[in-house]
Every structure is written in structure tokens, then in C-alpha cells.
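Below, all heavy atoms of this structure are taken into account, side chains as well, without hydrogens, waters or symmetry copies. Here is how names work: the chains are called A, B, and so on, in the same order as the sequence lines, proteins then strands, and each is numbered from 1.
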Amino acid sequence: MPELPEVETTRRGIAPHLTGHRITAITVRNRQLRWPISDHLIATLPGEVIHAVERRGKYLLLRCDHGTLLLHLGMSGSLRLVSDTTPAGRHDPVDLQLDSGQRLRLTDPRRFGSLLWCEGDLADHPRLAHLGPEPLGEAFSGDHLYQQAAGRRVAVKNLIMDGHVVVGVGNIYANEALFCAGIDPRRAANRISRARYQRLAEAIRQVLQRAIDAGGTTLRDFVGGDGKPGYFRQQLQVYGRGGEPCERCGSALQVERIGQRSSVYCRRCQH
DNA sequence: CCCAAGACCTGGCGGC
DNA sequence: TGCCGCCAGGTCTTGG
């Protein structure tokens with residue numbers, strides 16, 4: 001589920017229910033996530049008040065009195081607010097009990113998500129320190145991509161999915177943005193002009209922003225606890241549409257693996 | 001430094 | 001129906 005737009009949608013959905021509230025208890029049913037949940041986190045979190053809910057890349061940041069909870073949803077994670085009598089399912093490894101009576105429940109069947117506790121300077125945290133710029137922020141541009149591409153022969157699709165280059169671009173939106181920009185996903189990163197990177201940066205921004213905007217409409221359902229977002233599916237031009245006609249030229253969309261990830265593109269429109 | 005591949009996990013699907 | 005292999009929205013680690 002979670003690419004940047006979904007993480008941002010989640011952030012917006014949960015923030016009003018968390019901000020200003022105290023975590024009164026943490027229930028850990030399975031601590032084996034991407035990294036085991038630390039004893040220190042479990043001991044420390046109860047009693048902390050959440051002052052703000054922010055996002056860096058695909059990490060949600062719950063800023064508390066004495067530190068920050070970093071929450072990553074991995075491949076299959078989602079968060080919901082539930083009442084404290086809602087029975088937990090098989091794949092609900094963690095609940096945070098709040099002083100409002102609600103619980104923030106993490107559901108994560110594949111357990112690639114993570115919960116980390118950071119007490120020092122957030123910017124120095126090993127998971128955050130080397131991340132690239134936010135795609136919707138000022139520091140991200142075609143020039144930035146062009147500079148990052150220098151000397152790199154990987155496929156451009158792999159470049160833009162590299163979190164050290166730019167955060168938040170997952171497999172879905174990498175495919176979409178490259179289609180929008182008319183760039184062949186297999187093209188070597190260092191064989192693309194500055195002008196075309198400008199177009200690509202713009203496409204990345206646009207595609208992510210549009211998805212976030214679409215996500216906004218499901219916020220209420222999400223927080224109510226039953227929402228499985230599927231809202232942006234209809235807007236996808238290439239992802240999940242291998243073999244179907246290209247929206248622009250009508251020729252059949254090509255499916256191919258690039259860097260272990262399934263990729264879809266139009267042979268006629270993307271060069 | 002760059003890059004490809006393997007690793008972590010579970011569930012759903014299509015094919016036989 | 002049952003089993004098997006493959007696929008899945010992420011990213012860290014390892015080894016060349």
C-alpha cells in the first residue's frame with residue numbers, strides 16, 4: 001500500500017487524533033518487524049505526549065516529549081484508529097493506546113514495517129541521515145536529478161527509486177512518472193539530458209501531488225477504520241496495465257523486469 | 001564509489 | 001481440492 005501519497009494520506013488521517021494526546025500504553029504482539037522493536041522503545045513510549053505528526057520520505061514521525069517515534073509501513077503496513085475493544089487480528093503486531101480511549105493499530109502482514117525510537121537529533125538518525133530530498137519540496141529539481149545521474153549507468157527507473165537520490169518514489173509512481181515524461185525506464189541514467197530530467201522531475205511532482213489529492217477524499221473512511229484505499233487506481237496510466245493499449249498512442253503496453261521490479265511502459269511513447 | 005542480487009516475511013493467485 | 005511457484009506498493013546488506 002504505502003508509497004509516499006499513501007503515507008501522506010495516512011499522516012493526514014491520523015494526525016488530528018494523535019496530536020496533543022498521550023500514549024498511555026503500548027501493546028506488542030509481535031516484535032519481529034523489519035527490525036525487532038527495542039526494549040527501550042517499549043519501556044519509554046508509555047507516558048509520552050505526541051506533539052506533532054510529520055513525514056520524511058515514507059517514514060511517519062511522531063514527535064514526542066523526549067524523542068521521536070519513526071514508523072515505516074514497509075510493503076504491506078497500514079495504520080488505523082480503533083476503539084480499545086476492537087479485537088486484534090493475526091497481523092496486528094502493535095497498538096498504541098491513547099489517552100483519548102482510541103488506539104493506533106498497526107496492521108502489517110509481511111512485517112517489513114518498522115518502529116524506531118530516536119532520542120537524539122533526528123537528522124542524524126541512520127535511517128534518515130542519508131535520504132534524498134522530498135520530491136514535493138524546494139530542494140528537488142531536474143538539476144538535482146541530473147547531478148545525481150552523473151557517472152551512473154543504472155536504468156533511470158532505478159535511479160529515481162533510490163531513496164538516496166529522492167525519497168518517496170516507489171514502483172508505481174516511478175512507472176507513472178516515466179510514462180508522463182516520455183522516458184524509457186531502461187535508459188541509462190547518465191544518458192539523459194538536463195532538459196529531460198527537468199521534465200521528469202516535474203512529472204514526479206505532478207503524479208505524487210495528484211495522488212495525494214485523490215487520497216484526501218478517502219480520509220474520513222480511513223480514520224473511521226474501514227478504508228482500504230483504492231482511490232488512485234483509476235488514474236494510473238501504465239502500472240498494472242501491461243498488454244492494455246497506451247492511453248496516448250494505443251499500442252500495447254510492455255511489461256518487463258527492471259532491477260527486480262516489474263515495469264510497464266509504452267515502446268512507442270517512451271524513449 | 002557503483003551496481004546486482006539476496007535478504008527479510010506472508011498471502012493471494014493461476015496453473016496443473 | 002491441493003500443492004507449487006510466482007507475484008506483490010520497500011529498503012537494507014552483502015559481495016564483486
Side-chain angles (χ1 to χ4, degrees), chain A residues 1-11 29-37 55-60 70-79 88-94 106-116 125-132 135 147-179 185-191 204 207-208 210-212 214-215 218 222 227-243 255-264:
Chain A
M1 307 203 186
E3 292 217 24
L4 185 147
E6 299 214 356
V7 177
E8 178 60 20
T9 298
T10 298
R11 189 191 69 76
R29 301 180 191 86
N30 189 341
R31 54 198 298 178
Q32 301 305 315
L33 302 184
R34 180 69 162 83
W35 294 284
I37 298 171
R55 180 184 59 73
R56 176 74 176 100
K58 295 172 190 163
Y59 282 93
L60 287 166
L70 278 60
L71 226 157
H72 198 292
L73 300 176
M75 292 271 266
S76 59
S78 62
L79 289 169
R90 212 158 106 57
H91 300 297
D92 299 340
V94 179
L106 172 67
T107 300
D108 187 7
R110 290 176 72 181
R111 288 190 275 122
F112 287 165
S114 55
L115 260 74
L116 301 166
H125 191 279
R127 299 277 74 79
L128 304 180
H130 308 291
L131 293 181
Q147 283 158 23
Q148 291 293 312
R152 300 192 59 176
R153 285 176 296 181
V154 281
V156 60
K157 176 162 181 270
N158 294 336
L159 183 85
I160 62 174
M161 290 179 68
D162 180 347
H164 305 291
V165 171
V166 57
V167 296
V169 182
N171 197 35
I172 294 177
Y173 293 110
N175 281 300
E176 294 299 309
L178 286 160
F179 175 79
R186 301 165 301 175
R187 178 169 285 273
N190 64 352
R191 309 253 335 261
I204 288 171
V207 113
L208 293 176
R210 289 229 301 259
I212 290 171
T218 67
F222 184 81
K228 282 277 184 202
Y231 49 87
F232 58 84
R233 287 265 164 197
Q234 312 88 311
Q235 299 187 37
L236 297 177
Q237 312 231 49
V238 290
Y239 182 85
R241 304 192 48 191
V255 183
E256 205 165 309
R257 292 194 86 77
I258 301 173
Q260 321 275 75
R261 310 301 297 276
S262 140
S263 309
V264 192

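A:Gly163 comes within 4.0 angstrom of no nucleic acid atom, judged by non-hydrogen atoms across all strands. Across all strands shown, A:Arg34 has heavy atoms under 4.0 Å from base atoms, whether or not it also approaches the sugar-phosphate.
The side chain of A:Arg153 approaches B:dC3 more closely than any other nucleotide in the set C:dG10, B:dC9, B:dC3. Listed nucleotides C:dC12, C:dT11, C:dG9 differ in distance to A:Asn171; the shortest reach to its side chain belongs to C:dG9. Closest to the A:Gln260 side chain, of the nucleotides B:dC9, B:dG6, B:dG11, is B:dG6. When the nucleotides C:dG9, B:dG11, B:dA4 are ranked by their closest atom to the side chain of A:His91, B:dG11 comes out on top. Which of B:dT10, C:dC7, B:dA4 sits closest to the side chain of A:Arg90 comes down to B:dT10. Checked against C:dG10, C:dC12, C:dC7, the side chain of A:Met75 finds its nearest nucleotide in C:dG10. Distance from the side chain of A:Tyr239 is smallest for C:dA8 among the nucleotides C:dG10, B:dC2, C:dA8.
B:dA7 atom C1' lies 15 Å from atom CD of A:Gln32, rounded to whole Å. We find that NZ of A:Lys58 is positioned 8 Å from C1' of C:dG9, with the value rounded to whole Å. Note: CG (A:Asn158) to P (C:dT11) measures 14 Å, nearest angstrom. In this structure, A:Leu71 atom CG and C:dG10 atom P are separated by 17 Å, rounded to whole Å. In this structure, A:His72 atom NE2 and C:dC12 atom C1' are separated by 11 Å, rounded to whole Å. Here B:dC8 presents its C1' atom at 10 Å from CH2 of A:Trp35, a figure rounded to the nearest Å. Per the geometry, CE belonging to A:Met161 stands 15 Å off C1' belonging to B:dC3, to the nearest Å. Protein atom OH of A:Tyr173 is 12 Å distant from nucleotide atom P of C:dG9, rounded to whole Å.
Taking the P atoms as reference points, C:dC7 lies 15 Å from B:dA5, given to the whole Å. Nucleotides B:dC9 and C:dT14 are separated by 15 Å at their P atoms, to the nearest Å.
In this structure, A:Phe112 forms an aromatic stack with the base of B:dC8, since both conditions hold: centre separation below 5.5 Å and plane angle below 30°.
Nucleotide B:dC9 has no partner under the Watson-Crick or G-U criteria, as no pair reaches both atom distances under 3.5 Å. Here C:dC3 sits opposite B:dG15 as a Watson-Crick or G-U wobble pair (both hydrogen-bonding atom distances under 3.5 Å).
You'll find a donor-acceptor pair under 3.5 Å spanning the side chain of A:Glu6 and the base of C:dG9, going by distance alone. A donor and an acceptor atom never sit less than 3.5 Å apart when one is taken from the side chain of A:Arg111 and the other from the base of B:dC9.
The CG atom of A:Leu73 sits 6.0 Å away from atom OG1 of A:Thr10, with the distance rounded to the nearest 0.5 Å. In this structure, CG on A:Leu131 lies 11.0 Å from NE2 on A:His125, to the nearest 0.5 angstrom. With values rounded to the nearest 0.5 angstrom, A:Met75 atom CE is found 4.0 Å from A:Arg110 atom CZ.
Between A:Arg110 and the phosphate of B:dA7, there is no side-chain N or O to OP1/OP2 separation shorter than 4.0 Å. In this structure, A:Arg261 does not reach the C:dA8 phosphate: none of its side-chain N or O atoms is under 4.0 Å from OP1 or OP2. Close to C:dT11, at under 4.0 Å from its OP1 or OP2, lies no side-chain N or O of A:Arg127. In terms of phosphate contacts, A:Ser262 brings no side-chain nitrogen or oxygen within less than 4.0 Å of OP1 or OP2 of C:dC7.
Between A:His72 and A:Val7, every side-chain heavy-atom pair lies at or beyond the 4.5 Å cut-off. Proximity of A:Leu128 to A:Tyr59: side-chain heavy atoms (C-beta onward) are separated by under 4.5 Å at one or more points.
Heavy atoms from other residues, nucleotides or ligands lying under 6.0 Å from CZ of A:Arg153 number 12 at most.
Without hydrogens or angle criteria, A:Glu3 side chain to A:Ile172 main chain gives a donor-acceptor distance under 3.5 Å.
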